[in-house]
Amino acid sequence: MRIATWNVNSIRSRIDRVVAWLEANDVDVLAIQETKCREDQFPGLELSALGYEYVHFGLNQWNGVALISRVGLEDVAMSYADDQPHFGDPAHLEARSIGATCGGVRVWSFYVPNGRTLDDPHYTYKLAWLERLHAASSQWLADDPQAQIAMVGDWNVAPTDEDVWDMSVFEGHTHVSVPEREAFQAIVDAGYADVVRPHTPGPGVYTYWDYQQLAFPKKRGLRIDFILASPALAARVDSAFIDREERKGKGPSDHAPVVIDIS
DNA sequence: ATGGTCGTCTTACGA
């Protein structure tokens with residue numbers, strides 16, 4: 001079974017690419033982030049025509065997450081916990097999590113808050129969001145140590161210096177701060193392994209390149225999109241890759257798809 | 001060719 005994650009940066013502007021990529025890559029489950037649309041705007045017909053089911057959580061032009069599956073889509077949840085942190089004025093549950101059971105695997109599509117700057121309320125929100133996810137996902141494994149769980153998406157954290165094209169440029173910025181890295185590592189330490197990195201060793205291996213300043217051809221990227229797997233699922237991972245070819249051509253997302261194959 | 005931001009509720013803001 002093949003599971004993938006991809007921040008598409010607007011599903012409406014990227015639907016032709018998504019359809020072509022699904023067809024070309026024999027994908028069973030695709031987790032999407034940044035759909036940037038409401039339910040009624042989601043281009044579901046194109047996906048149904050390919051034989052996929054889908055679930056989407058989108059409130060407006062911001063955020064938005066979806067799961068697309070051809071191996072079933074059951075027990076859908078729009079938040080990872082009842083107390084997933086809220087944000088905004090008035091504070092509300094943002095469209096940043098969607099989970100479903102697909103082919104026996106509990107798959108979560110996450111769009112972790114960006115943080116913006118280290119002194120922004122959005123940064124505090126980001127840390128709380130990750131800390132609460134750590135608590136919730138730890139409990140899932142406590143409840144069932146054999147659980148098949150994939151937590152995938154845009155984590156907006158570069159866990160190691162190798163995941164950043166030039167650390168000096170990111171001094172004092174989000175994505176690389178110690179609290180963010182500790183929050184990410186806590187989830188790994190709880191038992192959720194990065195199952196892509198062993199198959200795609202760095203340095204210079206990224207999943208995101210800014211649209212500006214020719215970042216992609218200059219190889220100035222970040223590794224911030226991850227597939228974290230519970231122990232029982234991690235044991236089934238045969239291979240993985242980052243499809244950086246998808247960052248090329250006319251009208252790409254600024255993120256590349258990340259893919260695993262499990263037995 | 002991969003080539004000097006992009007996407008949205010677009011002249012402002014988030015990423």
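All heavy atoms count here, side chains included; hydrogens, waters and symmetry mates do not. Below, read A as the first sequence line, B as the second, and so on, with proteins coming before strands; counting in each chain starts at 1.
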Practice task
Please state how far atom CD in A:Glu34 lies from atom P in B:dC13, giving the value in whole angstrom units.
Solution key: 18 Å
Fill in the blank from the handout: Rounded to whole Å, the CH2-P distance (A:Trp62 to B:dT8) equals 10 Å
Problem - A:Ser13 side-chain proximity, nearest of B:dG7, B:dT2, B:dA15 - result: B:dG7
Exercise for the section: Would you classify A:Tyr111 as touching base, sugar-phosphate or nothing, given that sugar-phosphate means primed atoms plus P, OP1 and OP2, and contacts are heavy atoms under 4.0 Å? Expected result: sugar-phosphate
Handout entry: N/O (side chain, A:Arg244) to phosphate O (OP1/OP2, B:dT2) under 4.0 Å
Key = no
Handout entry: Separation of atom CZ in A:Arg14 from atom C1' in B:dA15, rounded to whole Å
Key = 13 Å
Handout entry: A:Arg106 charged N/C atom sitting above A:Trp108 aromatic ring, 6.0 Å / 45°
Key = yes
Problem - Separation between the P atoms of B:dG3 and B:dG7, rounded to whole Å - result: 13 Å
Practice task
Measure from CZ on A:Arg220 to C1' on B:dT2 and round the result to the nearest Å.
Solution key: 15 Å
Exercise for the section: Select base, sugar-phosphate, or nothing to describe what A:Asn156 touches, counting heavy atoms under 4.0 Å on all strands. Expected result: nothing
Completion exercise
Closest to the 5' end of DNA chain B, once A:Asn63 and A:Tyr211 are matched to their nearest nucleotides, is A:Tyr211
Problem - Distance, C1' atom - from B:dC9 to B:dC13, rounded to whole angstrom - result: 12 Å
Practice task
Rounded to the nearest angstrom, tell me the gap between atom NE2 in A:His122 and atom P in B:dA15.
Solution key: 5 Å
Fill in the blank from the handout: Between CG of A:Asp254 and P of B:dT2 the distance, given in whole Å, is 18 Å
Handout entry: Linked hydrophobic residues, A:Leu118 as query - side chain contacts closer than 4.5 Å
Key = A:Tyr123, A:Leu127
Exercise for the section: Please check the phosphate of B:dT5 (OP1 and OP2 only) for any side-chain N or O of A:Gln213 closer than 4.0 Å. Expected result: yes
Handout entry: A:Arg17 side chain to A:Gly251 backbone, donor-acceptor under 3.5 Å
Key = yes
Problem - For atom CG of A:Asp210 and atom P of B:dG3, their distance in whole Å - result: 15 Å
Practice task
Mind checking A:Arg247 for me? I need base, sugar-phosphate or nothing, with any heavy atom below 4.0 Å counting as a touch.
Solution key: nothing
Problem - Separation of B:dA15 C1' from A:Tyr208 OH (nearest whole Å) - result: 6 Å
Problem - Sub-6.0 Å ring centroid separation between A:Tyr80 and A:Trp129 - result: yes
Practice task
Give the ring-plane orientation class for A:Phe184 versus A:Phe226, where under 30° counts as parallel, over 60° as perpendicular and anything between as tilted.
Solution key: tilted
Completion exercise
Of A:Lys219 and A:Gln61, the one whose closest nucleotide on DNA chain B sits nearer the 5' end is A:Lys219
Problem - Rounded P spacing from B:dT10 to B:dT5 in Å - result: 23 Å
Completion exercise
Of the listed B:dC9, B:dG7, B:dG4, the closest approach to the A:Leu214 side chain comes from B:dG4
Problem - Closest to side chain of A:Ser10, choosing from B:dA15, B:dT2, B:dG7 - result: B:dG7
Practice task
Please say whether more than 12 non-hydrogen atoms of neighbouring residues, nucleotides or ligands are located less than 6.0 Å from CG in A:Asp166.
Solution key: yes
Practice task
For B:dG4 versus B:dT8, give the span between their C1' atoms, rounded off to a whole number of Å.
Solution key: 23 Å
Handout entry: Selection from B:dA15, B:dT2, B:dT8 that lies nearest to any side-chain heavy atom of A:Arg116
Key = B:dA15
